[in-house]
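Remarks on the structure that follows.
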Amino acid sequence: MSTVDVTWEAAPDTCNVHLLAWVQECAELCRPDHVVWCDGSEEEKKRLTELAVKTNVLIPLNHEKLPGCYLHRSDPADVARVEQLTFICTKTREEAGPNNNWMSPDDAYRKLGQLFDGSMRGRTMYVIPYVMGPIGSPQAKIGIELTDSVYVVLNMRIMTRMGSRALKMLGHSPEFNRGLHSMLDLNPERRFICHFPQDNTIWSIGSGYGGNVLLGKKCLALRIGSYLGRQEGWMAEHMLIMGVEEPTGETTYVTAAFPSACGKTNFAMIVPPRSFQGWKVWTVGDDICWMRPGPDGRLWAINPEAGYFGVAPGTNYATNPNAMESIKRDTIYTNVAMTPDGDVWWEGKDAIAPEELIDWRGRPWRRGSSEKTAHPNSRFTAPATNNPALSPRVNDRNGVPISAIIFGGRRSATVPIVLQAFNWTHGVYLGATMGSETTAAAVGKEGIVRRDPMAMLPFCGYDMGKYFGHWLDMERKIAALPKIFMVNWFRQGPDRSFLWPGFCENMRILKWIIDRARGRAGASESPIGWVPKWADLPLKDLAAPMEDIEDAQHIDYEEWKTELADQDMFFEKFKETMPPEIVAEREIIRCRLNRLTATG
Ligand code: GTP
Ligand code: SPV
Ligand code: MN
């Protein structure tokens, strides 16, 4: 092998020949001045943080108020995931499916190879070994990310279990995800996020932001993960995982899939309202969940991540006190506003904004301005160990057993607060046809209802029809099937205010879900699923008008006929691979609604 004239700052702490050869190959392509192997030590964190401050990548915040916290301002044209520049590069277009942009692996390697060529000249290439999942877990996966961004290194340090412990777990194995990332010049014209599931490889170029570049997260844990999951008999999902402890001490584990910026972090960290004496919710994960049937017939889940990359706007002590506690120290803030004394601010942090701020772009801002102070997709990166409600079982190698799965979207109309699927197949249909209004988490217009099956539309690494088939196949492999539910916290009244108070009050709905999963609570049948009888819901002390709650839970048959018709285009798109059960579920509901609304 020819060697490239780069400085290896320190000898790598591994003699894994597969890894060494691949790093060498990537260094020859990108031509960095230096190659630095990250060990995950405190000393390294200190050194890289100082470098980031010196190069204006990080701005130190007020360390009396926010010890160890920094602000990062990304390029204003690089503030969210870009779905139209994200590709699945399988051998055939059919494998990627109509839900993904596709490029052939040859074309993608050629096209991005030209962009990577010399992209790190004058820069340092960091080698980040990381583990997704508890160290030593049979469900964990190892990845190596090569990047020219210190911001990425410092974020991966929080979001994953990285450094020497990952190299140690890898040993001499060739089985690791090969992730290559360069910011290049951050030009959106030269931005691509390409996944090669058949090579367990990810190439990301031209962005420095979140899900585009923290390759363990959406790229490995979801897109590549879902592809591997189907082959290996497990599930990679865009879900939070929580443990709900009752006064008896019994804990029930639940997962929930809500699309980006639709409430996972908030729900995962929920603090039960006062009337729930003796109840406690433990966060296992807030974004990603890997599930596998266990030898006992139950479905077991791990959180592959070690931190939270959470939405800042709307976060405050009333909505999410556990998040506020989690972001008090050792947190990287991205694209939030800054106060003159080095504190952070965003829309919804306090009732009124400070008089003066520096906005997310670094420009002076005065109260009364109509401009947003923080970007709507501004984020915090905080270690999970900061969370006062962190589940004591986050590091369990086998994860936690799941009793209920919740799907939920952001719907201003039609969808009730909660319903339960009649059975597994109907539950898969509910998840598959889930709709949600678009948010700032991805580039594009906000507030448009789009079908976002299982909150996985931007993250499923293969044909979505086959993915539904995989969900249906799981029924055979899980003896103790979790019960499936659908929720909606976002229904609005005629004045466009939310009908359901949400946040901690969601606990009332969660309790019904747990009672149903444990076979304890009543329900009545509606044409679209089981719904709680009012007496089954713990609504005592809820400070919201009962009419609003009734409106939020109302099922309007005519609206539901329109909802089913709205799914047409979606069914059309996946007709080649859509399992017949999903089509049949819809037809049964459609016929039922037609008969119930027939006149005469
Ligand atoms: P990603 O990190 O993008 O995957 O988002 P997420 O699903 O974790 O969403 P998150 O919990 O960060 O919430 C996103 C936005 O929804 C925030 O602005 C919250 O304040 C708001 N939100 C969360 N839960 C509720 C709720 O119950 N009711 C209402 N009205 N808003 C909510
Ligand atoms: C999401 O968009 O679902 C996120 C943020 O969790 S990102 O990591 O940018 O994908
Ligand atoms: Mn997410």
Side-chain angles (χ1 to χ4, degrees), residues 74 78-83 86 152 155-156 159 193 204 207-223 237-240 242 256-270 283 285-289 305 307-316 318-320 322-324 326-327 334-335 346-349 374-382 406-412 417-418 436-444 446 452 455-459 487-493 496-510 544 552:
S74 72
D78 186 28
V79 291
R81 285 182 292 101
V82 273
E83 294 175 6
T86 301
V152 168
N155 273 272
M156 287 294 281
M159 294 306 295
I193 298 99
S204 166
S207 171
Y209 190 84
N212 297 332
V213 300
L214 307 177
L215 299 185
K217 195 174 181 55
K218 297 301 160 65
C219 302
L220 171 52
L222 290 181
R223 297 196 190 96
E237 301 297 332
H238 192 199
M239 290 177 172
L240 66 93
M242 62 179 15
F258 309 156
S260 301
C262 291
K264 287 182 299 302
T265 302
N266 277 269
F267 198 45
M269 296 184 176
I270 192 171
T283 315
D286 82 321
D287 198 52
I288 297 175
C289 161
E305 301 190 287
Y308 311 119
F309 186 61
V311 176
T315 307
N316 61 49
T319 56
N320 193 348
N322 284 326
M324 293 302 284
S326 305
I327 60 182
T334 301
N335 294 337
W346 47 77
E347 278 61 30
K349 184 165 181 243
H375 187 275
N377 191 37
S378 54
R379 300 246 168 193
F380 52 76
T381 319
I406 307 175
F407 294 116
R410 180 183 286 268
R411 292 297 300 270
S412 50
I417 310 172
V418 63
S436 195
E437 286 150 30
T438 49
T439 66
V443 173
E446 282 179 53
D452 189 351
M456 281 289 279
L457 183 67
F459 307 119
V487 300
N488 176 27
W489 314 140
F490 298 93
R491 200 153 175 188
Q492 296 175 0
R496 308 217 44 95
S497 65
F498 292 115
L499 290 167
W500 171 250
F503 301 104
C504 74
E505 307 300 353
N506 295 337
M507 185 67 207
R508 300 172 194 272
I509 305 302
L510 181 57

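Just so you know, these numbers use all the heavy atoms, side chains as well, and skip hydrogens, waters and symmetry mates. Residue numbers run from 1 in the order of the sequence given. Counting convention: from 1, in listed order, for ligands and their atoms alike.
When atom types are taken as modelled, the side chain of Ser436 and the backbone of Pro259 share no donor-acceptor pair closer than 3.5 angstrom. The main-chain N or O of Ile417 is never found under 3.5 Å from a side-chain atom of Asn488 such that the two would form a donor-acceptor pair. Although no hydrogens or angles enter the test, the distance criterion places a donor-acceptor pair under 3.5 Å between the side chain of Arg379 and the main chain of Phe309.
Protein residues with a heavy atom closer than 4.0 Å to ligand 1 are His238, Pro259, Ser260, Ala261, Cys262, Gly263, Lys264, Thr265, Asn266, Asp287, Phe309, Val311, Pro313, Gly314, Arg379, Arg410, Trp489, Phe490, Phe498, Gly502, Phe503, Asn506, listed by chain and number. Listed by chain and number, residues touching ligand 2 at under 4.0 Å (heavy atoms only) are Arg81, Gly210, Gly211, Lys217, Lys218, His238, Ser260, Asp287, Phe309, Arg379, Ala441, Phe459.
Of the N and O atoms on the side chains of Thr265 and Asp286, at least one donor lies less than 3.5 Å from an acceptor on the other residue. In the model, Asn155 has a side-chain atom that pairs as donor or acceptor with a side-chain atom of Thr381 under 3.5 Å.
Among Met239, Lys218, Glu237, the one residue that satisfies the side-chain contact (heavy atoms from CB on, under 4.5 Å) test with Ile288 is Lys218.
Relative orientation of the Phe459 and His238 rings is perpendicular, given thresholds of 30° and 60° on the angle between their planes.
Of all heavy-atom pairs between Ala374 and Trp346, the closest is CB-CB, 3.6 Å.
Among the atoms of Gly211, no N, O or S atom is found under 2.8 Å from the Mn ion (ligand 3).
A cation-pi arrangement is found for Arg410 relative to Phe490, the charged atom lying closer than 6.0 Å to the ring centre and inside a 45° cone about the ring normal.
In this structure the side chain of Thr86 never reaches within 4.5 angstrom of the side chain of Arg81, judged on heavy atoms.
Of the charged side-chain nitrogens involved, none lies within less than 4.0 Å of a carboxylate oxygen, so that Lys349 and Glu347 do not count as a salt-bridged pair.
Vertex the Mn ion (ligand 3); arms to Lys218 atom NZ and His238 atom NE2; angle 90° (nearest 10°).
The name of the N, O or S atom in Asp287 nearest to the Mn ion (ligand 3) is OD1.
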